[in-house]
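Chain identifiers are assigned alphabetically (A, B, ...) following the order of the sequence lines, protein sequences preceding nucleic acid strands; residue numbering begins at 1 within each chain. All values derive from a computational prediction rather than experimental measurement.
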Amino acid sequence: MSNLRPRVYDLVLQIPAGRVLAYGDVAGALGCPGAARQVGYAMAALGPGGLDKQGRAVPWQRVILSSGFVAMRGDPVRGPLQRQLLEEEGVQFDGDRVDLKRFRWDLRDVTLV
DNA sequence: TCCATGACTCCGC
DNA sequence: CGCGGAGCCATGG
């Protein structure tokens, strides 16, 4: 299945505020287990404001590392911003990591288009 | 077509 | 529980 990015955005757009998903979760849900890094790349490809090519505001902050930390590579200012955005929508941090037991979104509710 | 690039993961120590 | 290394694979030049 080519064009993974658009599908990544479609799924991320379905993540409810206050919940998070790991890059690997997204890849797996799209039938591409192991393509976690590509999901991260798709996020990095988003323009300012998290807008995709269709102008949709993708809630990129809801995708984090499977360990619960927010990814720190690339733009050093994104990390703190991501954490702030998540806390504003109710996601609580235990130290520097999200408690995945409580905030990881249950993919069973997804309706893939 | 080949090759470098990544906002990743898993596993062993 | 932290670190380092190998594995993974879609994209774009």
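Checked against C:dT11, B:dC10, B:dA7, the side chain of A:L4 finds its nearest nucleotide in C:dT11. Considering only side-chain atoms of A:S66, the nucleotide from B:dT9, C:dG12, B:dG6 that sits closest is B:dT9.
Side-chain contact check for A:W105 versus A:V20: every heavy-atom pair is 4.5 Å or farther apart.
For the pair A:R5 and C:dG12, the criterion of a side-chain N or O lying under 4.0 Å from OP1 or OP2 is met.
The hydrophobic cluster containing A:I15 does not contain A:V91, counting ILVMFWY residues as joined when their side-chain heavy atoms lie under 4.5 angstrom apart, directly or transitively.
What separates CD of A:Q38 from P of B:dT9 is a distance of 11 Å, to the nearest Å. To the nearest angstrom, C1' of C:dT11 lies 16 Å from CG of A:L30. Remark: P of C:dA10 and CZ of A:R7 are 11 Å apart, rounded to the nearest angstrom. Residue A:R73 contributes atom CZ, which lies 11 Å from atom P of B:dT9 at whole-angstrom precision. Between the OH atom of A:Y23 and the C1' atom of B:dC8 there is a distance of 8 Å, given to the nearest Å.
Checked by atom type and distance alone, the side chain of A:R5 never pairs as donor or acceptor with a backbone atom of A:A42 at under 3.5 Å. Proximity of a side-chain donor or acceptor of A:Q61 to a complementary backbone N or O of A:L85 within less than 3.5 Å is not detected.
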* Could you go through the salt bridge (charged side-chain N to carboxylate O under 4.0 Å, His left out) check for A:K101 and A:D99 one step at a time? => CA-CA 5 Å; A:K101 288 275 199 252; A:D99 184 346; over 6 Å; no
Pairwise N/O distances under 3.5 Å, protein to nucleotides 1-7 of chain C:
| residue | atom | partner | partner atom | Å |
| --- | --- | --- | --- | --- |
| C:dG7 | O6 | A:R37 | NH1 | 3.1 |

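Residues from residues 39-60 of chain A lying near DNA chain B, meaning a heavy-atom separation below 4.0 Å, are A:G40, A:M43, A:A44, A:W60 in numerical order.
Legend: residues meeting side chain to side chain donor-acceptor pair (under 3.5 Å) with A:R19, ordered by chain and number and at least two apart, are absent.
At least one test fails for A:R37 against the ring of A:Y23: distance under 6.0 Å to the centre or angle within 45° of the axis.
Considering A:L21, A:L107, A:L4 as possible partners of A:V26, the one that fulfils the side chain to side chain contact (heavy atoms under 4.5 Å, CB included) test is A:L21.
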